[in-house]
Amino acid sequence: MSVRVRIAPSPTGSLHVGNVRSGLFNWLFARHHGGTFILRVDDTDLERCEERYLDEILDGFRWLGLDWDEGVGVGGPHGTYRQSDRFDRYAEVVDGLLASGAAYRCFCTPEELDERRNAAQREGRPPGYDGRCGLLDASEAGSRAASGERHSIRLRMPDEAIEFADLVRGDMAFAPETQDDFVIVRTSGAPTYHLASTVDDVDYEITHVARGEDLLSSTPKHIAIARAMGATPAIYAHLPLLFGPDGKKLSKRHGDTSLRAFREQGFLPEAMFNFMCLLGWSPGNDEEVISRDEAIARFDLDAVQKNSAVFDTKKLEWLNGEYIRALDPEDFIGRVLPELGDLTAEQEAAFRSLAPLVQERTKRLEEAAEQVQFLLVADDGFDYDEASWDKQMTKDFSRPSLDGALGVLEGVGEWDTDSIEAALRTWMEAEELSARKVLQPIRVALTGSAISPPLFESMDALGRESTLARIRRALDAMG
RNA sequence: GGCCCCGUCGUCCAGCGGCCUAGGACGCCGGCCUUUCAAGCCGGUAACGCGGGUUCGAAUCCCGUCGGGGCUGCCA
């Protein structure tokens with residue numbers, strides 16, 4: 001039997017990195033086993049689902065290179081792969097479950113349920129549904145429903161323990177008394193997630209369901225539904241959850257939880273891919289930088305770790321830096337250019353000349369853009385970083401350094417990196433001035449900061465006019 | 001509260017009874033290099049939650065305990 005796995009995002013928000021990780025592991029599993037990776041949409045909650053979120057989600061998976069063989073956008077033998085288009089199918093399944101007695105109508109109101117749940121909590125009893133409507137005569141319940149009485153539909157949970165072998169957690173068993181009869185169809189007539197998701201898994205012949213551990217305790221429900229449908233449940237694998245730096249569940253509060261946010265900050269898809277592979281799984285040796293093919297070759301679900309992981313952006317940044325440095329220079333330029341906005345031909349040329357130097361010292365594309373900002377502003381169109389100014393421009397050596405350098409630079413013939421460096425170094429040597437004391441003030445004068453790409457190249461890229469103008473401006477500013 | 005999962009450096013992983021005086025990576029701290037910042041190189045810091053077993057031998061197996069987390073919805 002060939003492997004068929006799926007990722008089933010719910011378009012109720014941005015693509016969360018937790019979902020991305022689930023998608024990635026499913027994708028790796030499918031590719032490793034030569035199986036089929038399916039992307040379907042769990043959009044039963046019509047109120048909260050939005051098309052723009054779906055677009056963002058699809059875009060995110062594509063960006064990461066997680067291509068799907070069947071599903072939304074690419075089609076396949078199972079229709080649109082959207083739950084909102086399958087309500088008839090769910091109704092059909094429910095009719096069958098009702099007919100077989102596997103499910104029953106429940107006339108309890110939300111208010112009643114709420115009250116009973118609270119009471120149960122207070123008295124230390126299990127808070128689940130007590131199953132009272134399951135005792136009703138089915139045909140009587142049917143006629144009540146036919147006469148328009150509002151009701152939901154619940155699945156009758158079996159009396160035996162539900163057991164299954166989880167691929168990452170091992171043997172699991174849930175006692176029947178801990179499982180209550182849960183809602184599969186809302187009063188509104190809409191199917192719940194449990195129902196729709198499981199029916200889809202059965203219909204689409206999903207062989208393995210790898211998802212977050214938060215669904216572990218719902219698994220008995222899904223197994224019960226599949227069995228009630230007369231199907232064999234999928235094999236489950238519950239992946240460890242991802243947490244934020246504070247050890248709490250990775251949430252919106254941590255700011256950077258949507259894939260889009262990372263993308264906007266200039267993380268490379270290759271780096272994200274690599275990094276997420278290492279969260280809950282390892283290639284089995286001490287390798288950290290691992291290629292896509294290598295990951296596919298070595299990945300398997302039973303090698304996934306059990307304990308949860310903290311999403312460590314520091315390590316992601318390091319890895320991203322590794323990938324950025326490994327980029328072909330032209331490729332790097334192509335990725336940074338869009339971050340810079342509209343450039344004049346001169347600005348682009350200036351950027352290109354400095355790009356290789358920037359590539360070496362950047363961890364994110366956004367950061368690369370910041371490093372070359374000084375090339376893109378007017379000579380008097382930037383502010384000086386306060387700390388840099390205090391450190392370099394208020395000392396005894398500051399003015400003499402800039403004054404002297406200005407004179408030297410005015411005399412430079414051919415304006416290129418080597419000539420600039422030669423002229424400055426010759427002068428520094430003659431005057432017995434340290435590079436530190438001369439070059440740092442110039443750096444601040446040109447870029448506004450004591451941190452910048454290498455200076456001589458920067459001066460070259462900036463051009464003679466701007467370089468001189470900026471030094472004069474700094475001299476003026478020193479008062 | 002109930003049910004369930006998890007527990008190796010700050011973080012991510014290796015370890016699956018002896019090769020562990022616990023290894024790698026990120027981070028952090030020093031040093032070298034150096035025009036700043038990076039990169040690179042060298043070195044350092046730092047963990048088997050605790051208590052009982054089992055065993056000749058336990059990070060590895062069992063029990064307990066403590067701690068963290070998830071679920072407990074007519075959300076997914």
Side-chain angles (χ1 to χ4, degrees), chain A residues 8-10 12-13 42-45 47-49 106 108-110 113-114 117 120-128 151-154 166 168-169 172-175 177-180 182-188 190-194 196-197 212-220 238 240-241 243 245 247-249 275 278-289 305-319 321-322 325 357-363 367 371 388 392 421 424-425 428 434-440 442-444 447 449-456 458:
Chain A
S10 186
T12 54
D42 278 17
D43 57 349
T44 48
D45 190 344
E47 267 87 68
R48 299 199 304 144
C49 290
C106 173
C108 301
T109 65
L113 261 16
D114 230 47
R117 184 165 30 244
Q121 288 270 34
R122 252 182 282 117
E123 294 157 29
R125 285 181 288 113
H151 65 280
S152 62
I153 297 173
R154 291 179 184 271
D166 190 286
V168 344
R169 299 191 190 260
M172 305 292 321
F174 289 83
E177 60 272 20
T178 65
Q179 301 298 314
D180 66 334
F182 62 100
V183 173
I184 56 175
V185 178
R186 294 176 248 253
T187 303
S188 68
T192 60
Y193 158 77
H194 298 303
S197 175
E213 198 209 296
D214 50 340
L215 267 338
L216 183 56
S217 27
S218 300
T219 305
H238 287 93
L241 261 20
F243 290 92
K248 298 257 174 62
K249 191 177 179 184
F275 176 67
L278 268 20
L279 253 30
W281 177 75
S282 95
N285 52 22
D286 288 334
E287 285 174 47
E288 310 284 335
V289 181
Q305 249 210 315
K306 293 185 180 74
N307 44 321
S308 53
V310 170
F311 195 94
D312 180 10
T313 51
K314 276 282 193 295
K315 186 160 183 175
L316 208 210
E317 286 207 334
W318 163 75
L319 202 49
E322 293 285 311
R325 269 172 258 124
L357 266 10
V358 174
Q359 182 176 0
E360 273 179 53
R361 58 205 75 221
T362 189
K363 289 189 163 76
E367 196 178 81
Q371 286 182 43
S388 299
Q392 305 300 343
E421 176 163 12
L424 246 16
R425 285 203 189 279
M428 287 189 291
S434 74
R436 246 196 79 72
K437 290 181 176 177
V438 174
L439 269 20
Q440 281 302 84
I442 299 178
R443 192 185 301 281
V444 175
T447 71
S449 168
I451 299 170
S452 86
L455 192 58
F456 304 121
S458 294

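Numbers restart at 1 for each chain; the letters A, B, ... are given by sequence-line order, proteins then strands.
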Peer 1: Rounded to the nearest angstrom, tell me the gap between atom CG in A:Leu216 and atom P in B:rG70.
Peer 2: 14 Å
Peer 1: Reckon A:Leu113 touches a base, only the sugar-phosphate, or nothing at all at heavy-atom distances under 4.0 Å?
Peer 2: base
Peer 1: Could you give the distance separating B:rA59 and B:rG53 at their P atoms, to the nearest angstrom?
Peer 2: 15 Å
Peer 1: Please write out the pairs of protein N or O atoms and N or O atoms of nucleotides 39-49 of chain B separated by less than 3.5 Å, giving the distance to one decimal.
Peer 2:
from   : atom 1 : to       : atom 2 : distance (Å)
B:rA39 : O3'    : A:Arg325 : NH1    : 3.4

Peer 1: May I ask you to evaluate whether A:Thr44 reaches the phosphate of B:rA76, defined as a side-chain N or O under 4.0 Å from OP1 or OP2?
Peer 2: yes
Peer 1: How far, in whole Å, is B:rC63 from B:rG7 if one measures between their P atoms?
Peer 2: 14 Å
Peer 1: Would you call A:Arg154 and A:Ile184 a side-chain contact if the rule is heavy atoms closer than 4.5 Å?
Peer 2: no
Peer 1: Using the P atom on both, measure B:rG10 against B:rC16 and round to a whole Å.
Peer 2: 23 Å
Peer 1: For A:Arg443, answer base if it contacts any base atom (sugar-phosphate contacts may also be present), sugar-phosphate if it contacts only those atoms, and nothing otherwise; contact means non-hydrogen atoms under 4.0 Å.
Peer 2: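 The residue A:Arg443 makes base contact.
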Peer 1: Would A:Glu367 and A:Arg361 pass as an ion pair if we require N to O under 4.0 Å?
Peer 2: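 A:Arg361 and A:Glu367: not salt-bridged.
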Peer 1: Considering only the C1' atoms, how many Å lie between B:rG24 and B:rG18, rounded to the nearest integer?
Peer 2: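 Their C1' atoms lie roughly 22 Å apart.
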Peer 1: Name the closest nucleotide to the A:Arg169 side chain, picking from B:rC6, B:rC74, B:rC4.
Peer 2: B:rC6
Peer 1: Judged by atom type as modelled, is there a donor-acceptor pair below 3.5 Å linking the side chain of A:Gln392 to the main-chain atoms of A:Ile442?
Peer 2: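 Not at all, since once roles are kept as given, no pair shorter than 3.5 Å links the two residues.
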Peer 1: Once you apply a heavy-atom cut-off of 4.0 Å, does A:Leu424 come out as touching a base, just sugar-phosphate, or nothing?
Peer 2: nothing
Peer 1: For the P atoms, the ones on B:rC48 and on B:rA39, what distance do you get once it is rounded to whole angstrom?
Peer 2: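 B:rC48 and B:rA39 have their P atoms separated by 30 Å.
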Peer 1: Counting side-chain heavy atoms from C-beta on, which of B:rU35, B:rG70, B:rC74 comes nearest to A:Leu241?
Peer 2: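 Nearest to the side-chain atoms of A:Leu241, counting from C-beta on, is B:rG70.
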Peer 1: From C-beta outward on A:Phe174, which listed nucleotide comes closest to its side chain: B:rC3, B:rC74, B:rU35?
Peer 2: B:rC3
Peer 1: So A:Cys108, base contact, sugar-phosphate only, or nothing? Heavy-atom distance under 4.0 Å.
Peer 2: base
Peer 1: Base, sugar-phosphate, or nothing for A:Thr178, non-hydrogen atoms under 4.0 angstrom?
Peer 2: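 Sugar-phosphate: the residue A:Thr178, judged by heavy atoms under 4.0 Å, touches backbone atoms but no base.
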Peer 1: I want to verify a distance call: between B:rC71, B:rC26, B:rU35, whose nearest atom is closest to the A:Lys314 side chain?
Peer 2: B:rC26
Peer 1: Quick check: on RNA chain B, is the nucleotide nearest A:Gln371 upstream (toward 5') of the one nearest A:Gln179, or the reverse? Name the residue that is more 5'.
Peer 2: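 Between the two, 5'-proximity favours A:Gln179.
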Peer 1: Hey, does A:Pro110 reach any base, or is it just sugar-phosphate, or nothing, if we go heavy atoms under 4.0 Å?
Peer 2: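 Since a base atom lies under 4.0 Å of A:Pro110, the category is base.
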Peer 1: A:Asp114: what forms a salt bridge (charged side-chain N to carboxylate O under 4.0 Å, His left out) with it, not counting sequence neighbours?
Peer 2: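 With sequence neighbours excluded, A:Asp114 shows a salt bridge (charged side-chain N to carboxylate O under 4.0 Å, His left out) to A:Arg117, given in chain and number order.
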Peer 1: Using atom types as modelled and distance alone, determine if a side-chain donor or acceptor of A:Arg169 lies under 3.5 Å from a backbone N or O of A:His238.
Peer 2: yes
Peer 1: Could you work out the separation of B:rC19 and B:rC61 based on their P atoms and round it to a whole Å?
Peer 2: 16 Å
Peer 1: Within the structure shown, what part of the strands sits under 4.0 Å from A:Arg125 by heavy-atom distance: base, sugar-phosphate, or nothing?
Peer 2: nothing
Peer 1: Say we look at B:rU55 and B:rU60: how far apart would their C1' atoms be, to the nearest angstrom?
Peer 2: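 B:rU55 and B:rU60 have their C1' atoms separated by 13 Å.
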Peer 1: Considering only atom C1', compute the distance from B:rC26 to B:rA14 and round it to an integer number of Å.
Peer 2: 15 Å
Peer 1: Is there a side-chain contact between A:Leu215 and A:Tyr193 in this structure, where contact means two heavy atoms from C-beta onward sitting under 4.5 Å apart?
Peer 2: yes
Peer 1: When the nearest nucleotide of RNA chain B is assigned to A:Leu316 and to A:Asp42 on a heavy-atom basis, which residue is associated with the more 5' position?
Peer 2: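 Of the two residues, A:Leu316 wins.
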Peer 1: Quick one: is B:rA76 close enough that its OP1 or OP2 comes under 4.0 Å of any side-chain N or O from A:Arg48?
Peer 2: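 Negative; the distance criterion is not met.
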Peer 1: Measure CD1/A:Ile442 against C1'/B:rU35 and give the value in whole Å, please.
Peer 2: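 Interatomic distance, CD1 of A:Ile442 to C1' of B:rU35: 9 Å.
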Peer 1: Return the CD1 to SG distance between A:Ile153 and A:Cys106, rounded to the nearest 0.5 Å.
Peer 2: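 Answer rounded to 0.5 Å: 10.0 Å.
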Peer 1: Scan A:Ser452 against the nucleic acid and name what it touches under 4.0 Å (heavy atoms): base, sugar-phosphate only, or nothing.
Peer 2: base
Peer 1: Pick out the pairs of N or O atoms, protein on one side and nucleotides 10-15 of chain B on the other, that lie under 3.5 Å.
Peer 2:
from   : atom 1 : to       : atom 2 : distance (Å)
B:rC12 : OP1    : A:Val310 : N      : 2.9
B:rC12 : O2'    : A:Leu278 : O      : 2.9
B:rC12 : O2     : A:Lys315 : NZ     : 3.2
B:rC13 : OP1    : A:Gly280 : N      : 2.4
B:rC13 : OP2    : A:Gln305 : OE1    : 3.3
B:rC13 : O2'    : A:Ser282 : OG     : 3.3
B:rA14 : OP2    : A:Gln305 : NE2    : 3.2

Peer 1: Going by modelled atom types, is there a donor-acceptor pair between the base of B:rU35 and the side chain of A:Arg436 at under 3.5 Å?
Peer 2: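 No pair found.
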